[in-house]
Amino acid sequence: MRDIRLLTNPFVPGMLIGPFANANPGLGGICTFVGEVRGEGGVEALELTHYEPLTLPGMEELADTACARFGLMGLLMVHRIGKLRCGEPIVCVSAAAKHRRGAIDAVDFCMDHLKSAAWFWKREKRADGWHWIEPRDQDHADLARWK
Amino acid sequence: MRDIRLLTNPFVPGMLIGPFANANPGLGGICTFVGEVRGEGGVEALELTHYEPLTLPGMEELADTACARFGLMGLLMVHRIGKLRCGEPIVCVSAAAKHRRGAIDAVDFCMDHLKSAAWFWKREKRADGWHWIEPRDQDHADLARWK
Amino acid sequence: MTARILFLGPLADLAGAAEMQAQTPLDWAGLLSLVNAETKAELQNERINVACGGKVLAVKSELMAQDGDEVALLPPVSGG
Amino acid sequence: MTARILFLGPLADLAGAAEMQAQTPLDWAGLLSLVNAETKAELQNERINVACGGKVLAVKSELMAQDGDEVALLPPVSGG
């Protein structure tokens with residue numbers, strides 16, 4: 001079962017993950033990652049913009065690659081866009097497979113690509129206004145592991 | 001927030017993960033793995049035995065190591081014992097951290113150790129009776145990554 | 001005969017607008033001549049990608065936008 | 001003056017029992033003399049660990065069980 005979505009409104013990960021797990025009977029392992037807006041450093045809000053003609057097709061292509069590379073039974077990949085408040089989920093990736101290695105590696109792979117190879121731009125609001133977030137060197141290093 | 005448990009009865013992962021996520025405010029990422037009993041190959045049931053004086057202390061020690069090594073904010077580690085039917089969850093590990101890398105790696109680390117370095121023995125019932133499960137070579141190779 | 005130029009993410013701050021119209025046909029040199037100096041310098045950085053008609057160009061200097069095309073200027077991404 | 005010997009997991013099938021009582025003091029040679037030939041061979045395999053009084057022994061041949069001790073014979077594990 002495959003479920004790739006962009007969401008403009010807040011979501012509750014459990015409401016997606018429960019049905020996703022049930023939709024993959026016979027799975028051996030399911031790994032899930034949820035990223036949330038951290039409120040540290042005086043961050044008041046986060047805004048995610050994207051480029052619609054590329055974003056969802058890019059996520060579908062990423063899903064194709066992950067499903068084939070890790071032999072997945074199912075993949076859920078949901079990303080928020082728009083304004084988010086602290087504590088809100090930004091991203092949720094869940095992978096179902098026969099064995100744990102495929103499920104865990106697929107989540108790791110998809111997250112690295114969503115972080116620094118998908119068409120999103122993130123800025124955060126602090127007391128002195130909005131600041132764009134540049135990808136960290138660590139993110140590029142993480143992505144390079146899969147080449 | 002730390003929650004390390006052995007369970008003798010079936011559990012619903014979402015009932016553990018939701019409260020665990022809420023108990024770690026300010027987290028940046030939360031990664032969760034759930035392993036389930038696969039029904040393939042004619043498996044009718046699974047039985048997990050353990051050695052009580054070592055099992056939970058060993059899981060606590062594993063949790064100490066993971067929390068320190070990956071800088072975790074919280075760790076949930078739950079393992080079933082007793083008889084399980086196909087589709088039932090065997091294990092659930094969830095790690096909360098500031099960044100995704102710590103959360104994902106911690107789950108990977110804990111699962112590798114629960115698989116082949118914790119005091120559990122697993123056997124499965126097929127049409128011709130009970131069969132003990134030996135750890136796979138892959139499991140030993142996975143564990144060796146963390147040395 | 002125009003194309004729509006989109007400045008994504010931080011490029012909109014640099015260019016002073018999120019989008020503009022441009023006469024077509026429009027090549028890469030033509031596009032660079034339409035933006036301010038700071039934006040021009042940034043666009044030439046290899047970190048910047050360009051999409052035309054919904055496809056990311058392998059070599060952005062080969063841009064050739066026709067009437068009705070949407071040209072997207074894509075700075076380094078940061079999702080998740 | 002006895003110790004309780006536990007055969008965990010598949011070792012119980014091999015030994016024909018999940019547990020037995022043994023006279024103390026009991027050393028490793030003494031324990032090996034109490035089990036059947038197949039179990040004896042398997043116990044000497046380095047894959048088998050031994051715990052005494054709730055602690056896994058670094059060197060199982062140094063076993064010295066006293067009255068009231070529980071000795072656990074631990075085959076290769078498989079959890080998760």
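The shown structure was predicted, so the numbers you read here are calculated from the model rather than taken from an experiment. Residue numbers start from 1 in every chain, and the chains themselves are labelled A, B, ... in the order their sequence lines are given, proteins ahead of strands.
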Is it true that, when you exclude A:E52 itself, more than 12 heavy atoms of the residues, nucleotides or ligands shown sit nearer than 6.0 Å to its CD? no

Please classify the contact between A:W119 and chain C as side chain, backbone, both or neither, with a heavy-atom cut-off of under 4.5 Å. both

Strictly by modelled atom types, are C:D13 and A:W130 linked by a side-chain donor-acceptor pair under 3.5 Å? no

Are A:K115 and A:D112 close enough for a salt bridge, meaning some N to O gap below 4.0 Å? no

Let me know if A:H113 has heavy atoms under 4.5 Å from chain C in its side chain, its backbone, both or neither. neither

In this structure, are over 12 heavy atoms from other groups packed under 6.0 Å from A:K98 atom NZ? yes

Answer yes or no: are there more than 12 heavy-atom neighbours, outside A:D137 itself, under 6.0 Å from its atom CG? no

What orientation do A:W146 and A:F109 show, parallel under 30°, tilted 30 to 60°, or perpendicular over 60°? perpendicular

Residue-level interface, residues 58-94 of chain A with chain C, non-hydrogen cut-off under 4.5 Å: A:H79, A:I90, A:V91

So which heavy atom on C:G30 is nearest to which on C:D27, and how close? N-OD1, 2.8 Å

